Amino acid sequence: MKKIALTGDRPTGKLHLGHYVGSLKQRVELQDQVDQNLIMIADMQALTDNARDPEKIRRSLINVALDYLSVGINPDVSTIFVQSQIPALNELTMIYLNLVTVSRLERNPTVKTEIKQKKFGQSVPAGFFIYPVSQASDITAFKANYVPVGDDQEPMIEQAREIVRSFNSIYQKDILVEPKGIFPPKGQGRIPGIDGNAKMSKSLGNAIYLSDSADEVKKKVMSMYTDPNHIHVEDPGSVEGNVVFTYLDIFDPDQAQVQELKDQYQKGGLGDVKIKRRLIEVLNAFLDPIRAKHDEFEANLDYVYQVLQDGSEKANEIANATLEEVRDAMGINYFKKI
Ligand code: TRP
C-alpha cells in the first residue's frame, strides 16, 4: 500500500522548540520515507476558537509556512496546503457528523482539557466542539495511513478510525482508509517551558520560538528555571527537573560534555551561569541555519504564498476525488451521468 502521511498545525502563532521536538523534526525525516507527505495549515480549525480574531490567523498562517520551510520541509517533496482552501473537507465533515454522537464527542479527553484551559464555561463554540470530526475529514480526504502528531492528538486519530469503520461498513464500500498515528519516541516528544512548566506553549508565555533572535534566546535562557535550591556555586545542584539540562540533553551534540557538566553540577562548584552559557551557545548554533533560511524566505513572501497556492491546488484534486467516491457510495450523486 502507498504510504501517505498527513499532518497539520493550527496557525495561532509562530512555531517554537516544543513544536520542533514534538513533531517538525519527525516530519522532516518522514518526508523522504513516504510516497506522499502532506502538511496542512489548519486555519479553519484555528478559527473554531478564534472567530473574532481572523487577523491573528491570517498573520500566523504565513509565519507557520515560513517556519516549515526554515526547518527543512521541502515543498518539492512535501505538499504544504491551507485547510480553508479545500472546500471538500467541509462537505465530508457534514457527512461524518451524522456518524458521530454528541456523547462520543463529549468524551474526547483532549477537547475536554482544551475546554477547561480556554475557559469556555457554558459557551463552547459548536465548531470547536466538533473539530475532531473535521480533523477526521482532513485525514481521510487524503486517504492518509500515517499521521505524525504529538501525544495529545491520539483521541483525534481514534475518532477518525471510528468514522472510517462506520462509513465503510454502513455504505459497504472500502473507500476510506484507517489512519495510524505516529507519535514521538517515549519521553522525547515534549520539552518543558523555560519556566519549568511541563508544556511549552505560547499562551503560557514560556516558549523559545524558532524565529527568536540570538539576543532573545540569550535572555530567555538566562531567565530559565534551574534548581531553586542551588543558591551558591559550591552547593550541590539537582539535574532532575532542571530545565537547562533537559534542553542540553536534547540539543547538545556533545553529550559526553553534558555528562561531565551534570557530574560537576551535582557535586557542587558549577554555577547556573556556566551551564546557561553553554545552552545559549548550543541553541544558537541549532537555530542559526533556521534563522538564515527564515530571513531568506521572508524576503520572498511571493514565493511562500505560491508554494501554499500550488500545494492547495494539488490537495484539492485529491480531496475532490475522495469526496466523489464518498458521494457515489452514498448515492448522493443524482445528476451524475453514469
Ligand atoms: N489538531 C491539530 C493540532 O492542534 C492540528 C490538525 C488539524 C491536524 N488537522 C489535522 C493534525 C490533521 C493532524 C492531522 O495540532
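In this text, all values refer to a predicted model and were calculated from it rather than measured experimentally. All ligand and atom numbering here is 1-based and tracks the order in the structure. Just so you know, these numbers use all the heavy atoms, side chains as well, and skip hydrogens, waters and symmetry mates.
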With a cut-off of 4.0 Å, which atoms of ligand 1 are near a heavy atom of Met40?
7 (C), 9 (N), 10 (C)

Quiz question: by atom type and distance under 3.5 Å, do the side chains of Ser60 and Thr12 form a donor-acceptor pair?
no

Just distances here: any N/O of Asp138 and N/O of ligand 1 closer than 3.5 Å?
yes

Between Lys262 and Asp249, does at least one N-O distance fall below 4.0 Å, as a salt bridge requires?
yes

Tested for side-chain hydrogen bond (donor to acceptor under 3.5 Å, both in side chains) against Ser23, the lone hit among His19, Arg27, Gln26 is Arg27

With distance as the sole criterion, is a donor-acceptor pair present between the side chains of Asn242 and Thr226 under 3.5 Å?
no

Report, as yes or no, whether the 6.0 Å neighbourhood of atom CZ on Arg104 holds more than 12 heavy atoms from other residues, nucleotides or ligands.
yes

I need the atoms of ligand 1 closer than 4.0 Å to a non-hydrogen atom of Val147, numbered in the order shown.
13 (C), 14 (C)

Using a 4.0 Å cut-off to any heavy atom of Ala42, which atoms of ligand 1 qualify?
7 (C)

For atom 7 (C) of ligand 1, which protein heavy atom lies nearest, and how many Å away is it?
Gln45 NE2, 3.3 Å

Return the option from Glu114, Gln135, Arg10, Met44 holding the heavy atom at the smallest distance from atom 12 (C) of ligand 1.
Gln135

When you measure from atom 14 (C) of ligand 1 to every protein heavy atom, which one gives the shortest distance, and what is it?
Leu6 CD2, 3.6 Å

Note: Gln83, heavy atoms under 4.0 Å from ligand 1, region reported as neither

Relative to Tyr209, does Lys14 satisfy both conditions: NZ or CZ under 6.0 angstrom from the six-membered ring centre, and within 45 degrees of the ring's axis?
yes

For Val149, the ligand 1 atoms with a heavy-atom partner under 4.0 Å come out as 11 (C), 13 (C)

Could you tell me if Asp49 and Tyr131 have a donor-acceptor pair between their side chains, going purely by distance under 3.5 Å?
no

Atom 2 (C) of ligand 1 [closest protein heavy-atom partner, distance rounded to 0.1 Å]:
Gln153 OE1, 3.3 Å

